[in-house]
Q: 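What follows is a structure written as structure tokens; I'll ask about it next.
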Amino acid sequence: MNDDNSRALYDRALSVMPGGVNSAVRAAIEPYPFFVQKGDRGHVIDADGNRYIDWVMGLGPLLLGHNLPESVQAGIQQNASEGPMYGTPTEIEVDLAEFVVRHVPSVEKIRFVNSGTEATTSAVRLARGYTGRNKIIVNQGGYHGAQDSTLVEGDVESVAPSSAGVPQSVAEHTIPVPFNDEDAVREAFEKHGDDIAAVMTEPILANYGIVDPDDGYHDFLREITDEHGSLLIFDEVITGFRVGGLGCAQSEFGVTPDLTTFGKVIGGGFPVGALGGRAEIMEQLAPSGPVFQAGTFSGHPVTMAAGLETLQFAAANNVYDHVNTLGDQLRSGLADIVADQAPEYTVAGTDSMFKVIFTRDGEAPKNAADVKNAETDRWRRVFWGQMKAQEVFLSQNQFECQFVSYGHTEADVEETLEAYKHAL
Ligand SMILES: *Cc1c(COP(=O)(O)O)cnc(C)c1O
């Protein structure tokens, strides 16, 4: 497979961009990533003309695949050519806000921002402002974007920044606990209960392999936060409008958080984030309340149009049926292959998310430590390249999720399963 153009582009990129990329994980592919020239339904074509079945889908946003339906294209084009933006409100922000409020159980009011990171940063500030407390509980291996409060490692006893540049004094307000570990959450509340502003969790750990919550785990989080006057924040940046359809993962689990953060799918492929929740809490945001939050590009008309038309298309067509059915076919096909060839591995995921975790004991991971303990080097250094050589593009490492889109077909699934058979 020729990659001369990608190599030359990465060479240029290394001279002018740190690590040659604009987001760290893109450089996880060694010795260098391929550069994409364009997308085509469920496929991408790289700078050297190689075509791959694309299960990365922009790392989550592209529910509909690379070819956007006409209505989505039209909304984007119209708002791009007429504006593109104004610094004063537009109708389309209200349209998308109404759509989300109508479909997502926890959301009475919403604020749009420009990335998932901005959404979770604002949600943490809002939870602190609303409760007058400082600490947040997060999950080890949970990802809430590149924000200071959550770039931490440790446990209930001791915490430290996981990135240079984050002060210890900031990290100290965050309490990391293992996913699915009720005792650790109880312990954190026993120690710090009256200073815990919020528990923030992904409904499904989707940035660290894929790890499902145990039955009742989210009910437990709902109860213990209520008991202590803390907020429950679901970070649905990945799961929002992907798991549980238009009701998001919270409707699937039947647990209503106080605040929800969104990103990825809700912008239809354009930069986006949002936070929503109970009106009483959301009203604490400026200008109606004292918690400052603002953004030049927030509610950008092109993004709002892309998001609204994408979600309306999904509501009016069999998008979720399509992606979830293909997801089922992938997972059951993979389960057969794994049973046959690598019984120590596990197939994870739900709806349109999937991943084979290279576990060592055939046990589905319960938390981040279980995923970390998998054969992560084999995944990234050996397996990923074998899949690429068969023209299947999987996410860059063992930890990132993979996604089915409306652009994928049964033929894509079959070819992909064949490739796994050879590579596993
Ligand atoms: C991707 C992601 C984020 C960060 O969103 P960005 O748009 O990359 O800033 C936050 N939380 C979760 C759960 C995510 O998957």
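From a predicted model like this one, the values you see are computed outputs, not experimental measurements. Side chains included, hydrogens not; waters and symmetry mates left out as well; all remaining heavy atoms used.
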Q: Among Gln147, His144, Arg125, find the one that has a side-chain hydrogen bond (donor to acceptor under 3.5 Å, both in side chains) with Thr120.
A: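 That would be Gln147.
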Q: Is it true that the side chains of Ser230 and Arg133 contain a donor and an acceptor less than 3.5 Å apart?
A: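 Yes - a donor-acceptor pair under 3.5 Å links their side chains.
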Q: State whether the side chain of Gln293 and the backbone N or O of Leu285 hold a donor-acceptor pair below 3.5 Å, judged by distance alone.
A: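 Side chain of Gln293 to backbone of Leu285, a donor-acceptor pair under 3.5 Å: no, none is there.
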Q: Could you check whether any side-chain heavy atom of Lys372 comes within less than 4.5 Å of a side-chain heavy atom of Gln398, counting everything from C-beta outward?
A: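 Counting from C-beta outward, Lys372 and Gln398 never come under 4.5 Å.
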Q: Kindly assign one of parallel, tilted or perpendicular to the pair Phe393 and Phe34, based on the angle between their ring planes and the thresholds 30° and 60°.
A: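 Perpendicular: the ring planes of Phe393 and Phe34 meet at over 60°.
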Q: Per the salt bridge (Lys or Arg N to Asp or Glu O under 4.0 Å) rule, which among Glu283, Glu98, Glu280 passes with Lys109?
A: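 Option passing the salt bridge (Lys or Arg N to Asp or Glu O under 4.0 Å) with Lys109: Glu283.
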Q: Could you go through the side chain to side chain donor-acceptor pair (under 3.5 Å) check for Ser395 and Lys355 one step at a time?
A: CA-CA 9 Å; Ser395 55; Lys355 192 87 180 177; 2.7 Å; yes
Q: Tell me which pairs pass side chain to side chain donor-acceptor pair (under 3.5 Å) where either residue lies in residues 202-216, with sequence neighbours left out.
A: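 As it turns out, the side chain to side chain donor-acceptor pair (under 3.5 Å) pairs with a partner in residues 202-216, which skip direct neighbours, are Glu202-Asn207, Asp214-Lys366.
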Q: On a heavy-atom basis, which atom in Ala305 and which in Asn79 lie closest, and how many Å separate them?
A: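 Looks like CB-ND2, 3.3 Å.
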Q: Is it the case that atom CZ in Phe35 sees more than 12 heavy atoms from other parts of the structure closer than 6.0 Å?
A: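 Check passes, neighbour count above 12.
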Q: Sequence neighbours left out, what passes salt bridge (charged side-chain N to carboxylate O under 4.0 Å, His left out) with Glu414? Give chain and number order.
A: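 So Glu414 forms no salt bridge (charged side-chain N to carboxylate O under 4.0 Å, His left out) with any residue.
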Q: Given Arg222 and Asp258, is the side-chain contact (heavy atoms from CB on, under 4.5 Å) satisfied, shown in steps?
A: CA-CA 9 Å; Arg222 179 66 284 176; Asp258 299 293; 2.8 Å; yes
Q: Taking the six-membered ring for Trp and the full ring for Phe, Tyr or His, determine whether the centres of Phe234 and Phe262 are under 6.0 Å apart.
A: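 Not under 6.0 Å, so no.
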Q: Phe241 vs Phe99 aromatic rings, parallel, tilted or perpendicular, using cut-offs 30° and 60°?
A: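 Tilted, since the angle between the ring planes falls between 30° and 60°.
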Q: Which heavy atom of Asp412 sits nearest to which heavy atom of Gly407, and what is that distance?
A: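 Heavy atoms only, the tightest pair is OD2-O, 4.2 Å.
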Q: Does CD belonging to Glu70 count more than 12 external heavy atoms closer than 6.0 Å?
A: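 Not buried by this count: 12 neighbours or fewer within 6.0 Å.
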Q: Looking at Ala171 and Ala160, what are the two nearest heavy atoms and their distance?
A: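 Shortest heavy-atom contact: CB-C, 4.0 Å.
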Q: For residues Leu417 and Leu330, report the shortest heavy-atom separation together with the two atoms involved.
A: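 Closest heavy-atom pair between Leu417 and Leu330: CD2-O, 3.8 Å.
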Q: Let me confirm one number: the CG-CG distance from Leu62 to Leu68, rounded to the nearest 0.5 Å.
A: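 Here the interatomic distance stands at 7.5 Å.
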Q: Is Gln168 reaching over with its side chain to a backbone N or O of Val159, donor-acceptor style, under 3.5 angstrom?
A: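 Yes, because the side chain of Gln168 sits within donor-acceptor range (under 3.5 Å) of the backbone of Val159.
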Q: Classify the ring geometry of Trp55 against His408: parallel below 30°, tilted from 30° to 60°, perpendicular beyond 60°.
A: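 Aromatic pair Trp55/His408 classed parallel.
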Q: Run Val338 and Tyr420 through side-chain contact (heavy atoms from CB on, under 4.5 Å) and show every step you take.
A: CA-CA 9 Å; Val338 161; Tyr420 270 94; over 6 Å; no
Q: With sequence neighbours left out, write down each residue that passes salt bridge (charged side-chain N to carboxylate O under 4.0 Å, His left out) with Glu391, or none if nothing qualifies.
A: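 None.
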Q: Let me see the working for Ile204 and Thr350 under side-chain contact (heavy atoms from CB on, under 4.5 Å), right down to the final yes or no.
A: CA-CA 9 Å; Ile204 297 169; Thr350 181; 3.7 Å; yes
Q: I'd like to know if the side chain of Arg380 reaches the main chain of Ala28, judged simply by a donor and an acceptor atom lying under 3.5 Å from each other, with no hydrogens or angles considered.
A: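 A pair under 3.5 Å: yes.
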Q: Mind checking whether Phe313 and Tyr406 have ring centres under 6.0 Å apart?
A: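 Here the rings of Tyr406 and Phe313 have centres that are less than 6.0 Å from each other.
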Q: Check the surroundings of atom CD in Glu410: do more than 12 heavy atoms from other residues, nucleotides or ligands lie under 6.0 Å from it?
A: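 No, the 6.0 Å shell around CD holds no more than 12 heavy atoms from other groups.
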Q: If only side-chain N and O atoms count, and only distance matters, is there a donor-acceptor pair under 3.5 Å linking Gln250 with Thr260?
A: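 On atom types as modelled, these side chains qualify, holding a pair under 3.5 Å.
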Q: Please tell me whether Thr121 and Glu118 have a donor and an acceptor in their side chains that are separated by less than 3.5 angstrom.
A: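 Distance-only check fails for Thr121 and Glu118.
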Q: Below 6.0 angstrom between ring centroids: does that apply to Tyr217 and Phe253?
A: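 Not close enough - the centres of the two rings lie 6.0 Å or further apart.
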